[in-house]
There are 2 protein chains.
Amino acid sequence: MKEKELYKNNLDGCPLTFALNIIGGKWRLPIIWALSKNGRMRYNQLKRGINGITSMMLTQTLKDLEDCNIINRQQFMEIPPRVEYSLTESGENLVPALKQLARWGDDVRNNIDNIGEDNGRDELQS
Amino acid sequence: MKEKELYKNNLDGCPLTFALNIIGGKWRLPIIWALSKNGRMRYNQLKRGINGITSMMLTQTLKDLEDCNIINRQQFMEIPPRVEYSLTESGENLVPALKQLARWGDDVRNNIDNIGEDNGRDELQS
DNA sequence: TCCAATACTCAGTTTTTCCTTACTTAGTCA
DNA sequence: TGACTAAGTAAGGAAAAACTGAGTATTGGA
């Protein structure tokens, strides 16, 4: 194979890099996952549901995901305030891709844990 | 829906988190991608093929991926030295999942571009 | 009157990740 | 002789990501 015919990596414009930039933060996947499981959720509901997240990280990550068009934010003008979050269509479309990745992760981990021995499967939704 | 029935996030043991930890470094995907396109590659071939990577980052990332059982490292006892890298079976299995994610990334990006008509430019696009 | 609940926001700090520059060993080419 | 190739290592610093702990406004209930 000649050097010139090699695939050359081009980071800008790669849709995979783009996708990973969207889901790549520490708390983004947990939020997306929780919303895909539970549907519409309020701020403090998310906070209670996601183990270890702080107010600040939740606020920031929700805003990031909203900017990426992955989640919707609906604010009700009430006292006490109420804000509900849910996945957008893009967000929903992401879920199958994540499931495939999760399936792969599961397989790999089983291979590492007991090499050569297949001991059933763990459920994807932990 | 009762609070107790909500899905609760458990980061340890989540196969998705596990998968993202494997592919989540800056240079991991470029290396995996290049190997999946070109098959077996030597160190400097990878270095030339991946735009902007330094020796150190390449060495480190290759070692990380080897530890994760994503790539094989085969060393030939020759002068000058020769080392060839290739995807393991786990590495090959990862590729379809990455492709699905990439497809999603592509769709989302196109959607953003189209929405841009009524909203001017946002800084999401590369 | 004081506390709880809601959905945040801010300043400052720590932790993690990534990068830069130089150096290695041993043989080959001019 | 000196430059070049191969496949890396080492030390230290910069940049990015994440965290800590506090404060905001409002109102109903004890």
Side-chain angles (χ1 to χ4, degrees), chain A residues 1 3 6 9 11-12 17-18 20-32 34-35 38 40-68 71-86, chain B residues 2-3 6 9 11-12 17-18 20-32 34-35 38 40-68 71-86 123 126:
Chain A
M1 187 184 265
E3 190 79 9
L6 276 174
N9 162 270
L11 292 166
D12 317 324
T17 301
F18 178 83
L20 276 190
N21 281 343
I22 288 181
I23 64 173
K26 179 170 184 184
W27 300 108
R28 295 193 181 186
L29 240 19
I31 290 175
I32 293 168
L35 286 175
N38 300 315
R40 306 178 68 77
M41 292 178 81
R42 299 179 63 174
Y43 182 92
N44 277 356
Q45 218 177 3
L46 278 164
K47 193 173 171 194
R48 283 190 295 272
I50 294 171
N51 210 352
I53 197 170
T54 60
S55 288
M56 191 196 201
M57 294 318 294
L58 180 55
T59 302
Q60 196 181 93
T61 309
L62 285 171
K63 189 169 291 179
D64 291 345
L65 289 173
E66 201 195 346
D67 289 345
C68 295
I71 64 174
N72 289 311
R73 178 182 189 278
Q74 189 178 5
Q75 183 168 8
F76 299 86
M77 288 313 193
E78 302 174 358
I79 297 293
R82 177 156 68 105
V83 182
E84 290 186 349
Y85 295 92
S86 56
Chain B
K2 284 188 216 142
E3 190 80 6
L6 275 176
N9 162 266
L11 291 168
D12 318 325
T17 302
F18 177 83
L20 276 191
N21 281 343
I22 288 181
I23 64 173
K26 179 169 184 184
W27 300 108
R28 295 194 181 187
L29 239 22
I31 289 174
I32 292 168
L35 286 174
N38 300 314
R40 307 177 68 77
M41 291 177 82
R42 300 179 62 173
Y43 182 91
N44 276 355
Q45 216 176 3
L46 278 164
K47 196 173 168 193
R48 283 190 294 272
I50 293 170
N51 209 354
I53 198 170
T54 61
S55 285
M56 192 192 202
M57 294 318 294
L58 180 55
T59 301
Q60 199 182 89
T61 309
L62 286 170
K63 191 170 288 178
D64 292 344
L65 289 174
E66 200 194 347
D67 290 345
C68 295
I71 63 174
N72 290 311
R73 177 180 189 279
Q74 190 179 6
Q75 183 167 7
F76 299 87
M77 287 313 189
E78 301 174 358
I79 297 292
R82 177 155 68 103
V83 182
E84 288 186 351
Y85 295 91
S86 56
E123 58 256 65
S126 59

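Computed from a prediction, not measured in an experiment: that's the story for all the values here.
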Send over the distance from B:L20 CG to D:dA17 C1', rounded to a whole Å. 16 Å

5' precedence on DNA chain C between B:G52 and A:R82 (nearest-nucleotide basis): A:R82

Distance, rounded to the nearest Å, where A:L58 contributes CG and C:dC8 contributes P: 8 Å

With side chains defined as the heavy atoms from C-beta onward, is the minimum distance between A:L35 and A:L46 less than 4.5 Å? yes

Quick one: which residue pairs count as a salt bridge (charged side-chain N to carboxylate O under 4.0 Å, His left out) with a foot in residues 51-63 of chain A, not counting sequence neighbours? none

Under the salt bridge (charged side-chain N to carboxylate O under 4.0 Å, His left out) rule, what pairs show up with a residue in residues 74-86 of chain B, not counting sequence neighbours? B:R40-B:E84, B:E78-B:R82, B:R82-B:E84

State which residues pass side-chain contact (heavy atoms from CB on, under 4.5 Å) with A:T59; sequence neighbours excluded, sorted by chain then number. A:Y43

Whole-Å distance between D:dG8 P and B:Q75 CD? 7 Å

Taken to the nearest whole Å, CD1/A:I53 to C1'/D:dG21 is 16 Å

Please confirm whether the shortest side-chain N or O distance from A:R42 to OP1 or OP2 of C:dT6 is below 4.0 Å. no

5' priority, DNA chain D, between B:Y85 and A:P81 [closest heavy atom]: B:Y85

All side chain to side chain donor-acceptor pair (under 3.5 Å) counterparts of A:R73, not counting sequence neighbours: A:Q75, A:Y85

Return the set of residues passing side chain to side chain donor-acceptor pair (under 3.5 Å) with A:S55 (not counting sequence neighbours), or none when no residue passes. A:K47

Check every strand shown and say whether A:F76 touches a base, only sugar-phosphate, or nothing at a heavy-atom separation below 4.0 Å. nothing

Within less than 4.0 Å of OP1 or OP2 of D:dA16, is there a side-chain N or O belonging to B:K26? no

Mind checking the CG-CD1 spacing from A:L65 to A:I31? Nearest 0.5 Å is all I need. 5.5 Å

What is the distance from CG of B:L62 to P of C:dC18, rounded to the nearest Å? 14 Å

Kindly point out which of C:dC8, C:dT6, C:dC19 is positioned nearest to the side chain of B:W27? C:dC19

When rounded to whole Å, the CE to P distance for the pair B:M77 and C:dA26 reads 13 Å

With sequence neighbours excluded, residues passing side chain to side chain donor-acceptor pair (under 3.5 Å) with A:N72: none

When rounded to whole Å, the CD to C1' distance for the pair A:Q60 and D:dA18 reads 8 Å

Nearest-Å distance, CE (B:M57) to P (C:dT16)? 16 Å

With the criterion being N/O to N/O and under 3.5 Å, what pairs connect the protein with nucleotides 3-5 of chain C, and how long is each?
none

Between the protein and nucleotides 9-15 of chain D, list every N/O to N/O distance that falls short of 3.5 Å.
| from | atom 1 | to | atom 2 | distance (Å) |
| --- | --- | --- | --- | --- |
| D:dT9 | OP1 | B:K63 | NZ | 3.1 |

Tell me, please, which residues at least two apart from A:N21 pass side-chain contact (heavy atoms from CB on, under 4.5 Å). A:T17

